[in-house]
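Read the numbers this way: they start at 1 and go in the same order the structure lists the ligands and their atoms.
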Amino acid sequence: MRPSILFPLFAEARTLKGVGPRVEKLLSKALGKDAPPRILDLAFHLPFGLVDRSYRPALIEAEPGRIATLVVNVLDHKPGRGHGKQPYRVLCSDDTGLIELVFFALYGDRVQQQLPAGTKRAISGRVESFSGRLQMPHPDYIVPIEELNTIPSNEPVYGSTEGLSPRVVAKAVTAALERVRDLPEWQDPAFLAREKWPSFTAALHAVHAPASELDFALDTLARRRLAYDELLANQLALALTRQRLRVRNGRVLKATGKLRSKALAALPFKLTAAQTQAIGEIDGDMASGSRMLRLLQGDVGAGKTVVAMMSLLAAVEAGTQGALMAPTELLARQHMASLEAMANAAGVKLALLTGRERGASRDALLERLAAGDIDILVGTHALFSTDVAFRDLGLAVIDEQHRFGVHQRMLLQGKGNTPADVLVMTATPIPRTLELTAYGDMEVSRLMGRPPGRKPVETRVLPASRRDEVIEGIKRAVAKGERVYWVCPLVEESEKIDLAAAEDRAAELAEIFGSKVGLVHGKMKGPDRDAAMARFKAGETSILVATTVIEVGVDVPEATIMVIEHAERFGLAQLHQLRGRVGRGAAKSTCLLVYYPPLGPTAKERLQALRRTDDGFVIADEDLRLRGAGELLGTKQSGLPTFRFADISVHGELLKAAQDDAQLIMQRDSGLSGKRGEALRTLLFLFERDEAVRYIRTR
Ligand code: ADP
Ligand code: MG
């Protein structure tokens with residue numbers, strides 16, 4: 001249960017003054033949330049800039065172009081003629097000069113109200129000079145002189161969205177911050193003293209009250225404190241999960257090699273050294289008495305599938321069952337297809353369970369599974385259903401491709417009578433620092449490099465004006481029976497725009513290539529999308545226009561051209577993943593990164609990096625360097641944790657410290673029952689690691 005001290009923070013933002021239904025909706029959007037915003041979301045919404053209103057000149061000294069706060073007498077109103085065609089002007093003065101306040105819209109009544117002639121007003125806004133006269137268009141502040149001090153001398157500026165004034169956001173944030181009470185201290189007092197960090201609440205207030213640009217640095221005491229809190233919550237949650245996974249001993253699963261050797265004999269290739277090593281590491285874990293919790297990291301096309309199959313066969317050889325779970329229906333089917341030959345050769349029974357299996361056939365399958373008649377079950381999250389029972393699950397392989405979370409891992413491994421070993425596969429090359437945030441101290445095997453025989457993809461960067469060349473290239477490829485992916489602009493905020501762009505492109509290409517053009521997008525229903533993919537795979541269509549939903553891991557060896565439109569809008573790792581869709585067959589492949597000028601320096605570096613290297617790990621590190629962890633890998637979809645305060649590219653050493661701290665906490669008080677433990681529970685809830693709280697061991 002969430003501690004009551006946090007209730008005010010988790011209350012909805014609509015309970016704040018000034019946040020009605022309209023503002024609430026816009027705030028959701030500004031904060032990038034689907035749900036109604038809460039006090040917490042506002043309090044964690046950091047300003048990105050600062051307006052300095054401390055400049056208070058007399059009119060005669062006022063420098064045009066600067067933001068100034070002025071005290072003036074209201075002299076006269078000059079309503080614009082022609083019903084708002086001309087601006088509404090209000091003439092004001094001080095002892096030294098004159099200034100005109102200019103209102104371009106028809107605000108007559110409001111202006112009259114705010115600036116009655118003969119009164120004194122404090123105003124703040126940008127001073128301009130127009131034909132030798134001072135003016136201020138639309139002052140940001142107009143208040144009675146007694147309220148001069150309500151005009152902040154340093155005003156933080158908050159990210160907003162269309163139709164919502166940043167000032168309204170600022171007001172809501174300020175109101176939210178007033179609800180943030182002191183919380184029990186969860187950090188070690190000695191550590192806190194050494195770092196000279198303020199309390200959480202003080203730090204939060206501080207980051208919302210920057211006094212100068214310097215305060216936006218990521219290494220201020222307040223920012224580091226908050227980053228550390230967030231990282232500690234992350235690391236502690238992982239440590240708790242891990243403790244739970246390790247709580248019962250694992251089992252000893254020894255590979256005999258009997259099935260494996262048959263499966264290997266059926267392969268047209270030999271295992272690479274990297275594959276053999278990874279299999280060795282996995283074998284070691286499985287044969288040991290403690291449970292395996294291992295991450296197999298390997299770039300797209302690195303050859304993880306065989307490694308997974310060898311591990312699954314080890315589980316079967318040891319007399320248990322194996323499960324392989326994929327993030328999508330399509331990938332589950334593809335895994336099924338690629339495992340089948342090996343399974344047949346080894347005489348192992350393989351079955352598929354996805355959301356589409358229903359009714360009698362599903363019942364029959366479940367019966368066989370419970371009876372131990374199925375050795376390896378491949379599927380989607382349908383494997384989580386409570387009625388799916390194995391006779392004896394020994395190993396769960398989770399092909400994460402970066403979509404599942406810790407919680408799902410827990411669910412599947414809980415399926416056995418005795419806890420199963422867990423192997424997580426990811427195709428996302430994650431920089432080591434980030435790996436720590438997503439997988440804690442999980443053991444890691446890395447499959448570096450590619451299996452032999454795979455040709456590097458030629459990567460070209462070219463402006464959209466050279467589209468004709470692109471089309472010519474596609475014509476040649478299609479004539480040879482090759483396939484082409486055409487990925488359309490990514491517009492983060494709007495799936496609708498994504499879709500429209502893809503539909504337009506498909507229509508345009510259809511004018512040239514007729515019925516050879518297919519389309520897949522995120523809004524399509526699963527079966528329709530699979531069907532479109534299947535037609536492409538079968539060669540019924542040659543050009544597949546897609547939004548970025550092209551599934552990671554989809555294998556179409558005939559695909560030789562990958563066109564990525566608006567490549568400048570994609571993240572490096574994402575571009576790398578997309579490029580991995582081609583170069584899978586015998587023919588030479590090309591990736592065309594089409595950009596729309598002007599190309600900014602960072603975007604240019606990104607695209608160049610991609611031309612230079614094909615190594616996902618190098619690219620991941622480069623991505624981290626160029627963008628910071630927040631945006632990395634399109635973090636939203638990646639399943640990697642996103643941080644509000646911490647930036648791994650800067651706070652890497654804090655992450656390491658948080659990991660050590662979390663381990664120490666687990667050693668000293670793994671039930672989080674001491675005084676600090678109680679406070680740490682609050683921390684976990686505060687950063688919404690509620691799930692992990694459930695894993696706290698109760699004695
Ligand atoms: P991943 O799942 O890591 O993206 P896959 O397991 O799908 O990669 O392997 C990519 C391709 O490489 C497949 O076509 C596979 O048959 C092939 N492959 C895997 N291991 C080897 C190897 N040792 N030698 C040659 N080809 C291999
Ligand atoms: Mg794969």
Side-chain angles (χ1 to χ4, degrees), residues 260-261 263-282 294-313 322 324-328 330-346 350 376 378 380 397-404 423-430 444-457 483 485 533 537 550-560 562 573-587 589 591 614-617 619-620 633 638:
R260 275 184 179 178
S261 54
L264 282 176
L267 287 178
F269 52 75
K270 284 212 167 55
L271 295 181
T272 63
Q275 285 168 327
T276 308
Q277 180 178 341
I279 293 169
E281 287 164 358
I282 293 164
R294 185 173 282 277
L295 177 69
L296 176 62
Q297 239 208 323
D299 214 344
V300 242
K304 295 182 294 297
T305 314
V306 185
V307 176
M309 185 58 175
M310 290 302 130
S311 315
L312 289 164
L313 288 177
L324 170 59
M325 187 170 62
T328 66
L330 190 67
L331 285 173
R333 288 180 189 281
Q334 197 169 286
H335 273 313
M336 187 71 187
S338 48
L339 298 188
E340 236 154 17
M342 283 188 275
N344 288 342
L350 200 60
I376 298 173
V378 178
T380 54
V397 179
I398 303 180
D399 184 3
E400 203 161 66
Q401 304 278 1
H402 64 229
R403 285 203 206 187
F404 295 117
L423 178 68
V424 178
M425 298 198 288
T426 162
T428 315
I430 311 171
V444 178
S445 295
R446 286 188 157 201
L447 271 190
M448 308 293 280
R450 297 265 161 81
R454 299 195 54 147
K455 296 200 184 67
V457 177
R483 314 277 152 74
Y485 290 106
M533 284 301 311
K537 210 174 151 103
I550 302 182
E551 302 292 350
V552 177
V554 170
D555 217 7
V556 181
E558 296 85 358
T560 57
M562 166 66 67
Q574 216 173 0
L575 290 170
H576 175 67
Q577 294 276 357
L578 288 171
R579 179 171 61 180
R581 304 296 100 226
V582 294
R584 300 183 156 233
S589 294
C591 175
D614 191 26
D615 181 330
F617 291 101
I619 287 173
L633 314 170
S638 74

Test side-chain contact (heavy atoms from CB on, under 4.5 Å) on V378 and L339 and set out the steps.
CA-CA 9 Å; V378 178; L339 298 188; 4.2 Å; yes
For atom 5 (P) of ligand 1, the option (of V307, L331, L447, T305) bearing the nearest heavy atom:
T305
Counting each atom of ligand 1 from 1 as listed, which ones have a heavy atom of [X] under 4.0 Å away?
X    : answer
L271 : 23 (N)
Q275 : 19 (C), 20 (N), 21 (C), 22 (C), 23 (N)
T272 : 23 (N)
K270 : 22 (C), 23 (N), 24 (N)

Not counting sequence neighbours, which residues clear salt bridge (charged side-chain N to carboxylate O under 4.0 Å, His left out) with R294? List them please.
E281, D285
Report yes if G303 has an N/O atom closer than 3.5 Å to an N/O atom of ligand 1; otherwise report no.
yes
Proximity to ligand 1 by part of R584, non-hydrogen separation under 4.0 Å
neither
Could you check K304 against Q275 for side-chain contact (heavy atoms from CB on, under 4.5 Å), going step by step and ending with a plain yes or no?
CA-CA 8 Å; K304 295 182 294 297; Q275 285 168 327; over 6 Å; no
Is the closest heavy-atom distance from A302 to ligand 1 below 4.0 Å?
yes
Shortest non-hydrogen contact between L312 and G322, atoms and distance
CD2-CA, 3.7 Å
Looking at G583, is its backbone amide N or carbonyl O close enough to the side chain of S589 to form a donor-acceptor pair, meaning the two atoms are under 3.5 Å apart?
yes
Using the test side-chain contact (heavy atoms from CB on, under 4.5 Å), find all partners of A559 that sit at least two apart in sequence or belong to another chain.
R483, Y485, V556, V582
